[in-house]
Amino acid sequence: MTATGWQATERRTADLVTPGAAARLAATLDVADAPSSGDPLPPLWHWLYFLPDDPQATLAADGHPRRGGFLPPVPLGRRMHAGGRLEFHAPLRVGDEATRVSVVTSVDEKQGRTGPLVVVTVRHRITGPAGLAVTEEQDLVYTDARPPRDAGDQAAIAEGTWESTVVPDEALLFRFSALTFNTHRIHYDLGYATAVEGYPDLVVHGPLVALLLAVLARSRGVAVAGFTFRAHAPFFCGRPIHLRGDPGGRLAAYDPSGRLGMEASFR
């Protein structure tokens with residue numbers, strides 16, 4: 001399904017772990033203890049750095065960079081950040097100079113319940129002054145079908161353990177898109193999200209939901225050494241996201257009807 005002739009290449013990116021970006025994410029997530037110079041970044045906050053810098057002229061109609069460069073030229077319309085696996089080896093601290101090396105490790109064509117899809121896995125290795133800091137695998141899913149809305153209860157967590165509720169509004173989605181330099185139009189362009197991609201409203205970023213789950217665990221004093229998440233169905237602007245977790249390492253996000261949208265685990 002991908003074009004012949006495309007080959008995976010290694011991408012190396014250097015960045016400075018600035019305090020300003022961390023402070024702005026803390027403000028966006030209503031986290032009181034923003035890390036300052038010398039403090040370790042909380043889990044997943046490295047997503048603020050090593051951001052894409054593709055020229056405006058290279059963006060496709062959906063806001064993503066045109067395919068066929070670092071990512072394969074998959075000819076399916078929708079792209080979603082469907083999950084990932086992370087290991088935190090050494091602290092990445094505010095003020096550190098760091099390097100990320102990225103490569104596409106697999107391109108798998110599959111037949112899903114709603115039609116053909118392609119899963120692209122990208123591996124990242126981030127190093128800082130203390131050596132290897134983060135290893136991460138990201139799963140990107142390409143499809144022409146709408147995401148399924150009949151997610152099951154694979155990670156059902158009883159009420160009454162760790163709980164929090166967030167109501168994502170346009171301002172939250174805008175701030176997160178700006179912080180991560182994410183130009184995917186489903187997160188800020190209501191006309192495009194509804195008329196072109198067929199969603200009922202603006203779509204909440206999958207990584208934002210994962211970050212909210214990680215914040216829930218951190219607020220309970222958990223020191224996270226590994227984190228895994230998988231998206232089952234999207235969340236939408238203006239509709240509450242119910243977050244739950246337990247000390248055994250399970251996390252999950254539900255919509256108001258009880259539908260599971262994301263499951264995660266930590267250790």
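Heavy-atom basis, side chains included; hydrogens, waters and symmetry copies ignored.
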Residues 8-28 side chain polar contacts: donor-acceptor under 3.5 Å, at least two apart:
unit_1	atom_1	unit_2	atom_2	d
Asp15	OD2	Phe50	N	2.8
Thr28	OG1	Arg24	O	2.8

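- Residues satisfying the side chain to side chain donor-acceptor pair (under 3.5 Å) criterion with Ser164, sequence neighbours excluded, are absent altogether.
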Please tabulate, for the side chains in residues 169-180, all donor-acceptor contacts under 3.5 angstrom to protein atoms that are two or more places apart in sequence or on a different chain.
unit_1	atom_1	unit_2	atom_2	d
Asp169	OD1	Ala171	N	3.3
Asp169	OD1	Leu172	N	2.9
Ser177	OG	Leu173	O	3.2
Ser177	OG	His205	NE2	2.8
Thr180	OG1	Phe176	O	2.7

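- Looking at every heavy atom in both residues, Ala210 comes nearest to Leu44 through O-CD1, 3.6 Å.
- Among residue pairs with one or both ends in residues 31-55, those qualifying as side-chain hydrogen bond (donor to acceptor under 3.5 Å, both in side chains) are Asp33-Arg218, Ser36-Asp39, His46-Glu136, Trp47-Glu136; sequence neighbours excluded.
- Residue pairs that meet the salt bridge (Lys or Arg N to Asp or Glu O under 4.0 Å) test with at least one member in residues 176-185, sequence neighbours left out, are Arg185-Asp189.
- For Ser106, the side chain to side chain donor-acceptor pair (under 3.5 Å) partners two or more places apart in sequence, or in a different chain, are Thr121.
- Residues that satisfy the salt bridge (Lys or Arg N to Asp or Glu O under 4.0 Å) test with Arg267, not counting sequence neighbours, are Glu87.
- Sorted by first and then second residue, the pairs that involve residues 68-119 and meet ring pair (Phe, Tyr, Trp, His ring centres under 6.0 Å), not counting sequence neighbours, are His81-Phe229.
- Between Pro200 and Phe236 there is a side-chain heavy-atom pair separated by less than 4.5 Å.
- Taking both residues in full, the closest heavy atoms of Phe235 and Asp255 are given as CE2-N, 3.6 Å, listed atom of the first, atom of the second, then distance.
- Counting only residues at least two apart or in different chains, side-chain hydrogen bond (donor to acceptor under 3.5 Å, both in side chains) contacts with residues 57-69 comprise His64-His184.
- Hydrophobic cluster membership for Leu51: Phe181 (Ile, Leu, Val, Met, Phe, Trp, Tyr linked by side-chain heavy atoms under 4.5 Å, directly or transitively).
- With rounding to the nearest 0.5 angstrom, the CD atom of Gln111 is 7.5 Å from the CG atom of Leu117.
- Taking the side chain to side chain contact (heavy atoms under 4.5 Å, CB included) definition, one finds that Ala133 meets it with Leu92, sequence neighbours left out.
- Residues Gln56 and Thr183 have side chains not in contact (no heavy-atom distance under 4.5 Å, counting atoms from C-beta outward).
- No side-chain heavy atom of Ile186 sits under 4.5 Å from any side-chain heavy atom of Arg78.
- Considering only residues two or more places apart in sequence or on other chains, Ser265 meets the side chain to side chain contact (heavy atoms under 4.5 Å, CB included) condition with Thr228.
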